Amino acid sequence: MPISRKDEIAENLAKVQEQIANATKSAGRNIAEIKLIAVTKTFPVSDLHFLYELGIRDFGENRDQEAILKTAELPKDINWHFQGQIQSNKLKSITNWASVIHSVDQFRYAKLISEFAGGQSRGIFIQVSLDEVPESRGGVDPSKILQLANEISELRNIELLGLMAVAPLQDKPANAFSRLQRYQSALLEKMPNANSLSIGMSGDFEVAISHGATHLRIGSSILGNRQPIT
Ligand SMILES: *Cc1c(COP(=O)(O)O)cnc(C)c1O
């Protein structure tokens, strides 16, 4: 008998949670330091309800329109994360539903989030480009992290949580995440509170955990393959 969609998601989630627990233990870290964000982009709202029933309270979306529809249907005690490419004309709406925005790579975006936040602070990550050709897929050139962090730290209603990255296509995740950890060390000398690290997707979350990840953004390992979108 084919298993139900809910059972399928429950099985996948349990497996991912076990892998996270094992990788955390191997890295000598505490599971309380690690937040699992279920990246639900492209999946139907019914899947999000199942994840909610399974205890997930952090959801990640990449598209404003899609997220608006989903946030309207889910309970209110959810933290919504945005990790897609930012377009300034969407930022007001995104700031309205997202409590954490992972993909800030320009000061003007942070400034808009600060303006739209309306007295309720938003968490943001600086997205760092780990690509050979920096900024080709979004993310700030590593040489600009400190300056951007300094500018952002002046803004109201913004909590700079730390750095975010997507593993590059042409390098091993372990190498890329090691580089990111060096950038993080430099940042922490100036801003000890910006100590979160948003790295780790379905293909590399165990490596990410061994490199200090605090926010895992995992989609397909939990929900299955999706139609390719950016
Ligand atoms: C889609 C996406 C994820 C999740 O990717 P999976 O490989 O499905 O786990 C994580 N981060 C970002 C920025 C994404 O766009």
Side-chain angles (χ1 to χ4, degrees), residues 5 8-20 23-24 34-45 47-48 50-51 54 56-67 70 78-87 90-91 94 97-106 109 113 122-131 134-140 161-174 176-177 180 196-230:
R5 178 64 175 154
E8 183 187 359
I9 292 174
E11 259 178 39
N12 291 345
L13 178 64
K15 192 169 153 206
V16 166
Q17 284 170 331
E18 191 187 329
Q19 287 168 324
I20 291 170
T24 302
I34 294 176
K35 186 185 285 298
L36 168 61
I37 299 160
V39 175
T40 46
K41 64 185 183 203
T42 77
F43 289 99
V45 72
D47 283 357
L48 281 74
F50 294 144
L51 285 167
L54 293 162
I56 297 293
R57 294 294 180 271
D58 287 272
F59 292 84
E61 289 285 337
N62 281 39
R63 300 215 164 162
D64 179 51
Q65 281 304 316
E66 186 182 337
K70 289 174 172 173
I78 288 174
N79 295 313
W80 293 92
H81 300 252
F82 178 80
Q83 72 274 310
Q85 194 133 43
I86 294 178
Q87 291 170 274
K90 299 280 168 63
L91 257 189
I94 291 167
W97 56 262
S99 55
V100 183
I101 298 175
H102 291 244
S103 41
V104 174
D105 58 1
Q106 294 188 37
Y109 296 151
I113 295 166
R122 296 296 188 283
I124 67 172
F125 284 91
I126 291 177
Q127 183 176 355
V128 177
S129 173
L130 298 174
D131 287 324
E135 307 186 357
S136 52
R137 294 187 304 156
V140 72
L161 298 174
L163 303 179
M164 177 274 205
V166 175
L169 304 168
Q170 69 283 1
D171 196 2
K172 288 208 178 86
F177 293 156
L180 186 66
S196 293
L197 213 47
S198 173
I199 50 172
M201 300 168 48
S202 291
D204 56 29
F205 66 87
E206 288 157 305
V207 183
I209 289 168
S210 72
H211 287 80
T214 60
H215 291 61
L216 308 172
R217 310 180 312 268
I218 302 183
S220 49
S221 291
I222 299 170
L223 293 164
N225 291 325
R226 59 182 173 261
Q227 304 291 72
I229 65 156
T230 49

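As the structure lists them, so they are numbered: ligands from 1, and atoms in each ligand from 1. Hydrogens, waters and symmetry mates play no part in the numbers below; they use all other heavy atoms, side chains included. Keep in mind the model is a prediction, meaning the values are calculated, not measured.
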### Query
Any idea which atoms of ligand 1 are less than 4.0 Å away from a heavy-atom of Gly219?
4 (C), 6 (P), 8 (O), 9 (O)
### Task
Provide the full list of salt bridge (Lys or Arg N to Asp or Glu O under 4.0 Å) pairs with a residue in residues 8-17, sequence neighbours left out, each pair given once.
Arg5-Glu8
### Query
Which atoms of ligand 1 are found less than 4.0 Å from any heavy atom of Ser202?
6 (P), 7 (O), 8 (O), 9 (O)
### Query
Which of the numbered atoms in ligand 1 are below 4.0 angstrom from a heavy atom of Lys41?
1 (C), 2 (C), 3 (C), 14 (C), 15 (O)
### Task
Check ligand 1 against Ile218 and write out every atom of the ligand that is under 4.0 Å from a heavy-atom position of the residue.
9 (O)
### Query
Hey, are the side chains of Phe125 and Ser103 touching, using non-hydrogen atoms and a 4.5 Å cut-off?
no
### Query
Are more than 12 heavy atoms from other residues, nucleotides or ligands located less than 6.0 Å from atom CD of Gln170?
yes
### Message
Apply salt bridge (Lys or Arg N to Asp or Glu O under 4.0 Å) to residues Lys41 and Glu66 and explain how you reach the verdict.
### Response
CA-CA 8 Å; Lys41 64 185 183 203; Glu66 186 182 337; over 6 Å; no
#### Entry: Polar proximity ligand 1 side, Arg226 side, N/O cut 3.5 Å exclusive
yes
### Side-chain donor/acceptor of Ser202 to backbone N/O of Ser221, under 3.5 Å
yes
### Message
For ligand 1 and Gln83, I'd like to know whether there is a polar contact (N/O to N/O, distance under 3.5 Å).
### Response
no
